[in-house]
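Notes follow the structure.
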Amino acid sequence: MSFPRLYAKSRPSNLPESAKAPSSLFLPGHLQDVYHAALRVFDCTADEQLQALGLLADEQQMARFRRILLLAAAVHDLGKANDHFQGLLQKTPERRGRKQGLRHEWMTLMMLDLDARYELRSWLLPAVENDEHDWRVVLWAVSGHHPAHDRPSPPLSAEQGAGNTARIDR
């Protein structure tokens, strides 16, 4: 399957096909938007957020929090970059009417940390000063950015209606 551009969201039904899609509809634009929004929220609320967590809002903790937050924002939806998810968004015949087999946030986690073929971990770890604990906080934020009360987290199997089901090995 070939996709000329990776989507982050479905094209709004009220957006004519002839109209130019906003950059935030596509994965790079969406990740950039979330990164900049996270930066703005950090700038306005970082002191209060650290205090709410019982952490000192000193210069060292602020810098650490900022690194973790911005890396998590920059990579949180990389798991959308696969044929399955893109087929869902673009309503390809084989994906029409189906759900995500494995949610994109868990695909992101697998890409970042569980699959050495991608080597993203070694490339991104310097963004948190090679701190393994901070890397784990990034992974926690990424994997939990769509919490839901009605599904297990992490998942035990593909969601009903996703297609072929298979148990997920951990």
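The chain is numbered in sequence order, starting from 1.
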- Message: Go through it in stages, so that I can follow the logic: the residues are His104 and His145, the test is ring-ring contact (aromatic ring centres under 6.0 Å, His included), and I'd like the CA-CA distance, side-chain angles, deciding distance and then a yes or no.
- Response: CA-CA 10 Å; His104 69 274; His145 80 270; 5.4 Å; yes

- Verdict with supporting geometry, Leu55 and Gln49, side chain to side chain contact (heavy atoms under 4.5 Å, CB included): CA-CA 9 Å; Leu55 300 171; Gln49 289 188 54; over 6 Å; no

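- Smallest separation of non-hydrogen atoms from Leu15 and Pro22: CD2-CD, 4.0 Å.
- Hydrophobic clustering of Ile, Leu, Val, Met, Phe, Trp and Tyr side chains at less than 4.5 Å, counting indirect connections, unites Leu69 with Leu53.
- Side-chain contact between Leu50 and Phe65 is present, with heavy atoms from C-beta onward closer than 4.5 Å.
- Remark: Glu59 CD is loosely packed, at most 12 non-hydrogen atoms of other residues, nucleotides or ligands lying under 6.0 Å away.
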- Assess whether side chain to side chain contact (heavy atoms under 4.5 Å, CB included) is satisfied between Leu6 and Phe26, documenting all intermediate values. CA-CA 6 Å; Leu6 293 173; Phe26 301 103; over 6 Å; no

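- Both Leu112 and Ile68 belong to a common hydrophobic cluster when Ile, Leu, Val, Met, Phe, Trp and Tyr are linked at side-chain heavy-atom distances under 4.5 angstrom.
- For the pair Leu125/Val128, a side-chain contact is recorded, criterion being any heavy-atom separation below 4.5 Å from C-beta on.
- Note on Leu120 and Tyr35: separate hydrophobic clusters, where clusters join Ile, Leu, Val, Met, Phe, Trp and Tyr whose side-chain heavy atoms are under 4.5 Å apart, directly or indirectly.
- When all heavy atoms are compared, the tightest approach of Pro12 to Leu25 is CD-CD1, 4.0 Å.
- When side chains are defined from C-beta on, Gln90 does not count as touching Ser10, because their heavy atoms never get closer than 4.5 Å.
- Every pair passing salt bridge (charged side-chain N to carboxylate O under 4.0 Å, His left out) that includes a residue from residues 66-82 is listed here, sequence neighbours excluded: Arg67-Glu129, Asp77-Lys80.
- No side-chain heavy atom of Met111 sits less than 4.5 Å from a side-chain heavy atom of Asn82.
- Residues Met110 and Leu71 share a single hydrophobic cluster, defined by chaining ILVMFWY side chains whose heavy atoms lie under 4.5 Å apart.
- Val75 and Met107 fall within a single hydrophobic cluster, where Ile, Leu, Val, Met, Phe, Trp and Tyr side chains are chained together by heavy-atom contacts under 4.5 Å.
- Within a 6.0 Å sphere centred on CD of Glu48, heavy atoms belonging to other residues, nucleotides or ligands number more than 12.
- Looking only at side-chain heavy atoms (C-beta outward), Leu89 and Arg95 stay at 4.5 Å or farther from each other.
- Across all non-hydrogen atoms, the minimal contact from Leu27 to Ala81 is CD2-CB, 4.1 Å.
- Across Tyr7 and Arg11, no two heavy atoms sit closer than the pair OH-NH1, 4.4 Å.
- You'll find the side chain of Phe42 reaches within 4.5 Å of the side chain of Met62, heavy atoms only.
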Please table the atom pairs, donor to acceptor, closer than 3.5 Å between any side-chain atom in residues 133-141 and protein atoms at least two apart or in another chain.
| unit_1 | atom_1 | unit_2 | atom_2 | d |
| --- | --- | --- | --- | --- |
| His133 | ND1 | Arg64 | NH2 | 3.1 |
| Asp134 | OD1 | Arg64 | NE | 2.7 |
| Asp134 | OD1 | Arg64 | NH2 | 2.6 |
| Asp134 | OD2 | Arg64 | NE | 3.1 |
| Trp135 | NE1 | Asp113 | OD1 | 2.9 |
| Arg136 | NH1 | Asp113 | OD2 | 2.5 |
| Arg136 | NH2 | Asp113 | OD2 | 3.3 |

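- Side-chain contact between Leu31 and Leu78 is present, with heavy atoms from C-beta onward closer than 4.5 Å.
- Residues satisfying the side chain to side chain contact (heavy atoms under 4.5 Å, CB included) criterion with Asp33, sequence neighbours excluded, are Ser24.
- Defined by atom type and a distance below 3.5 Å, a donor-acceptor pair is present between the side-chain atoms of His30 and His76.
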